[in-house]
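Read the structure below first, then the notes.
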Amino acid sequence: MPVVLAHQICHEVRMSEPSHVDKLAYAVSLLDGAQRIASTARDAHIGTIGIPFYLLIGFSIENGLKALLEHRQYPGKWHRSHQLGDLLTKAIEVGLTLHPGVEEMIRHLSRYHEEYWFRYPEKAGTADVYRSDTMLVVTDALLRSIFSLTGTGFHLFRNRDRTNLDSKDG
């Protein structure tokens, strides 16, 4: 989904919707940025694709999970958390269901995201992460589930062109 469309969705409903809409639009924008980076090296390891990809993916996941928790008015002090595993557990408590493999990949990324591995090259180069094409599909699946659960602009997100994610260009 182009960044412009994500912001258009946000703008159209901003006056009538709570702040979870802003977080969802931002999550989509971050995913779009990661897709643009990955398009240069679809199957590449972190050393090839670069640190920014995983930084964007982590924050896309984080904002998506926080959007769901805001929508469901989840209590507690999770708003400033970067612990993807903990945010995911809370999101599951309020109704998020994911394929076990998707959940496993998000939990695996959690440590690196929480400890800011992708901010510093000396740490990021040693991160054991999933391939970029896999992380794009995982993040896309997560955000689609959250859009569905919140009923927020899902009709626009659902019609997004998936050919960029699904193609296997050589």
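Bear in mind that the values here come from a model prediction, so they are computed numbers and not experimental data.
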Next on the checklist: With a 4.5 Å cut-off on side-chain heavy atoms, are Leu96 and Leu142 touching?
Outcome noted: yes

Next on the checklist: Please give me the minimum heavy-atom distance between Ser145 and Leu98, naming the atom from each residue.
Outcome noted: OG-CD2, 3.9 Å

With a 3.5 Å cut-off and sequence neighbours excluded, list the donor-acceptor pairs that the side chains of residues 99-108 form with protein atoms.
unit_1	atom_1	unit_2	atom_2	d
His99	ND1	Gly101	N	2.8
Glu103	OE2	Arg107	NE	3.1
Glu103	OE2	Arg107	NH2	3.2
Glu104	OE2	Tyr130	OH	3.2
Arg107	NH1	Gly85	O	2.9
Arg107	NH1	Thr89	OG1	3.2
Arg107	NH2	Thr89	OG1	3.1
His108	NE2	Asp128	O	2.4

Checklist entry - With sequence neighbours left out, what residues match Arg80 under side-chain contact (heavy atoms from CB on, under 4.5 Å)? => result none

Item to check | Full working for ring pair (Phe, Tyr, Trp, His ring centres under 6.0 Å) between His113 and Phe59 | outcome: CA-CA 8 Å; His113 183 71; Phe59 281 113; 4.6 Å; yes

Checklist entry - If you look only at pairs with a residue in residues 88-102, which of them pass as a salt bridge (charged side-chain N to carboxylate O under 4.0 Å, His left out), with sequence neighbours excluded? => result Asp86-Lys90

Checklist entry - For Tyr112 and Thr126, what are the C-alpha separation, side-chain angles and deciding distance, and is it a side chain to side chain contact (heavy atoms under 4.5 Å, CB included)? => result CA-CA 10 Å; Tyr112 302 116; Thr126 62; over 6 Å; no

Checklist entry - Which pair of non-hydrogen atoms, one from Glu115 and one from Lys123, has the smallest distance, and what is that distance? => result O-NZ, 3.5 Å

Checklist entry - Just how far is it from atom CG of Leu30 to atom CD1 of Ile57, taken to the nearest 0.5 Å? => result 9.0 Å

Checklist entry - Are Gln83 and Trp78 close enough, and set up right, to give a side chain to side chain contact (heavy atoms under 4.5 Å, CB included), and what steps lead you there? => result CA-CA 9 Å; Gln83 298 175 354; Trp78 50 265; over 6 Å; no

Checklist entry - Do you know the tightest heavy-atom contact between Arg144 and Asp140? => result NE-OD2, 2.5 Å

Checklist outcome for this item: Scanning both residues in full, the closest heavy-atom pair of Leu136 with Ala38 reads CD1-CB, 3.7 Å

Checklist entry - Under the salt bridge (charged side-chain N to carboxylate O under 4.0 Å, His left out) test, which residues partner Glu114, sequence neighbours left out? => result none

Item to check | Spacing of Phe53 atom CZ and Gln35 atom CD [to the nearest 0.5 Å] | outcome: 8.5 Å

Checklist entry - Do Phe147 and Val28 touch side chain to side chain, with heavy atoms closer than 4.5 Å? => result yes

Item to check | side chain to side chain contact (heavy atoms under 4.5 Å, CB included) evaluation trace for Phe118 with Leu56 | outcome: CA-CA 9 Å; Phe118 304 115; Leu56 292 171; over 6 Å; no

Checklist entry - Which atom names give the shortest non-hydrogen contact between Glu70 and His20, and what distance separates them? => result OE1-N, 3.3 Å

Item to check | Partner of Tyr74 by side-chain contact (heavy atoms from CB on, under 4.5 Å), out of Leu69, Leu68, Leu87 | outcome: Leu69

Item to check | Considering all heavy atoms, the nearest Leu65-Ala91 contact | outcome: CD2-CB, 3.8 Å

Next on the checklist: Are the side chains of Ile92 and Thr97 in contact, using a 4.5 Å heavy-atom criterion?
Outcome noted: no

Item to check | Criterion side chain to side chain contact (heavy atoms under 4.5 Å, CB included) on Leu109 and Met135, from CA distance to verdict | outcome: CA-CA 10 Å; Leu109 183 64; Met135 290 309 300; 3.9 Å; yes

Checklist outcome for this item: So OG of Ser29 and CG of Leu24: to nearest 0.5 Å the spacing works out to 10.5 Å

